[in-house]
Amino acid sequence: DQQVKQNSPSLSVQEGRISILNCDYTNSMFDYFLWYKKYPAEGPTFLISISSIKDKNEDGRFTVFLNKSAKHLSLHIVPSQPGDSAVYFCTGGGADGLTFGKGTHLIIQP
Amino acid sequence: NAGVTQTPKFRVLKTGQSMTLLCAQDMNHEYMYWYRQDPGMGLRLIHYSVGEGTTAKGEVPDGYNVSRLKKQNFLLGLESAAPSQTSVYFCASSGQGERTEAFFGQGTRLTVV
């Protein structure tokens with residue numbers, strides 16, 4: 001049973017436009033959510049997080065939205081830049097640590 | 001500040017051989033984790049530890065053992081390697097009770113032939 005689902009394996013966006021990455025979860029016990037970014041041959045790095053009691057968190061070009069009733073969260077990147085091309089993992093956090101989705105490969109087109 | 005360091009970075013094993021992957025962190029973190037990443041599967045938790053001397057099973061623990069004898073180190077052992085264990089392994093650590101991110105090592109690429 002996949003507790004964190006990222007249904008889009010890849011996403012292609014033009015440079016300067018908005019990138020929207022989506023994630024659904026089934027585990028109501030997650031009390032916070034994180035997005036990680038991963039480049040090839042490197043470990044994942046933390047991008048942004050949100051507590052389950054909030055519905056929005058913003059950090060520069062990155063904004064995460066949480067809709068608890070729909071068990072859905074999304075990451076918005078605006079404007080998208082070439083360096084944003086990477087795999088993005090949606091992650092649920094709780095008492096047993098982190099549960100990762102399968103990832104979405106974001107490709108920023110020039 | 002090294003953060004999380006994994007050794008080795010690459011390894012090729014023959015089926016049935018054993019090996020230990022070492023993870024070291026210098027951030028005084030309580031929690032440590034071992035994940036494996038396979039194509040199309042994301043990151044799956046193998047084992048984790050919530051403090052020195054403790055270990056717990058994750059999503060895919062079979063075929064692996066772990067030990068946390070010192071707070072800064074978390075060892076992942078393969079007693080009898082199988083081709084299905086060919087993967088990229090990531091270690092991570094995080095603070096206790098904090099809603100903060102985990103920090104990851106650079107990964108170990110293991111091939112079992």
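Order of the sequence lines fixes the chain letters, A, B, ..., with proteins taken first and strands second; residue numbering starts at 1 for each chain.
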List the steps and the verdict of side chain to side chain contact (heavy atoms under 4.5 Å, CB included) for Leu45(B) and Phe100(A). CA-CA 9 Å; Leu45(B) 183 64; Phe100(A) 287 78; over 6 Å; no

Interatomic spacing from [atom1] in [X] to [atom2] in [Y] - rounded to 0.5 Å:
| X | Y | atom1 | atom2 | value |
| --- | --- | --- | --- | --- |
| Thr99(A) | Leu43(B) | OG1 | CG | 11.0 Å |
| Glu101(B) | Thr45(A) | CD | OG1 | 10.0 Å |
| Phe90(B) | Glu42(A) | CZ | CD | 9.5 Å |

Counting only non-hydrogen atoms closer than 4.5 Å, does Gln37(B) touch chain A with its backbone (N, CA, C, O), its side chain (CB onward), both, or neither? side chain

Taking a hydrophobic cluster as the set of Ile, Leu, Val, Met, Phe, Trp and Tyr residues connected by side-chain heavy atoms closer than 4.5 Å, whether directly or through intermediates, do [X] and [Y] fall within one such cluster?
| X | Y | result |
| --- | --- | --- |
| Leu34(A) | Leu21(A) | no |
| Leu11(A) | Val4(A) | yes |
| Trp34(B) | Tyr64(B) | yes |

Looking at [X], I want to see if its [atom1] is surrounded by more than 12 non-hydrogen atoms of other residues, nucleotides or ligands under 6.0 Å.
| X | atom1 | result |
| --- | --- | --- |
| Arg44(B) | CZ | yes |
| Glu79(B) | CD | no |
| Arg61(A) | CZ | yes |

Any Leu98(A) side-chain heavy atom under 4.5 Å of Tyr35(B) side chain: yes

Residue pair Phe46(A) / Phe104(B), side-chain heavy-atom distance below 4.5 Å: no

As an exercise: rank Gly103(A), Pro9(A), Ala41(A), Pro44(A) by heavy-atom pairs under 4.5 Å with chain B and give me the winner. Pro44(A)

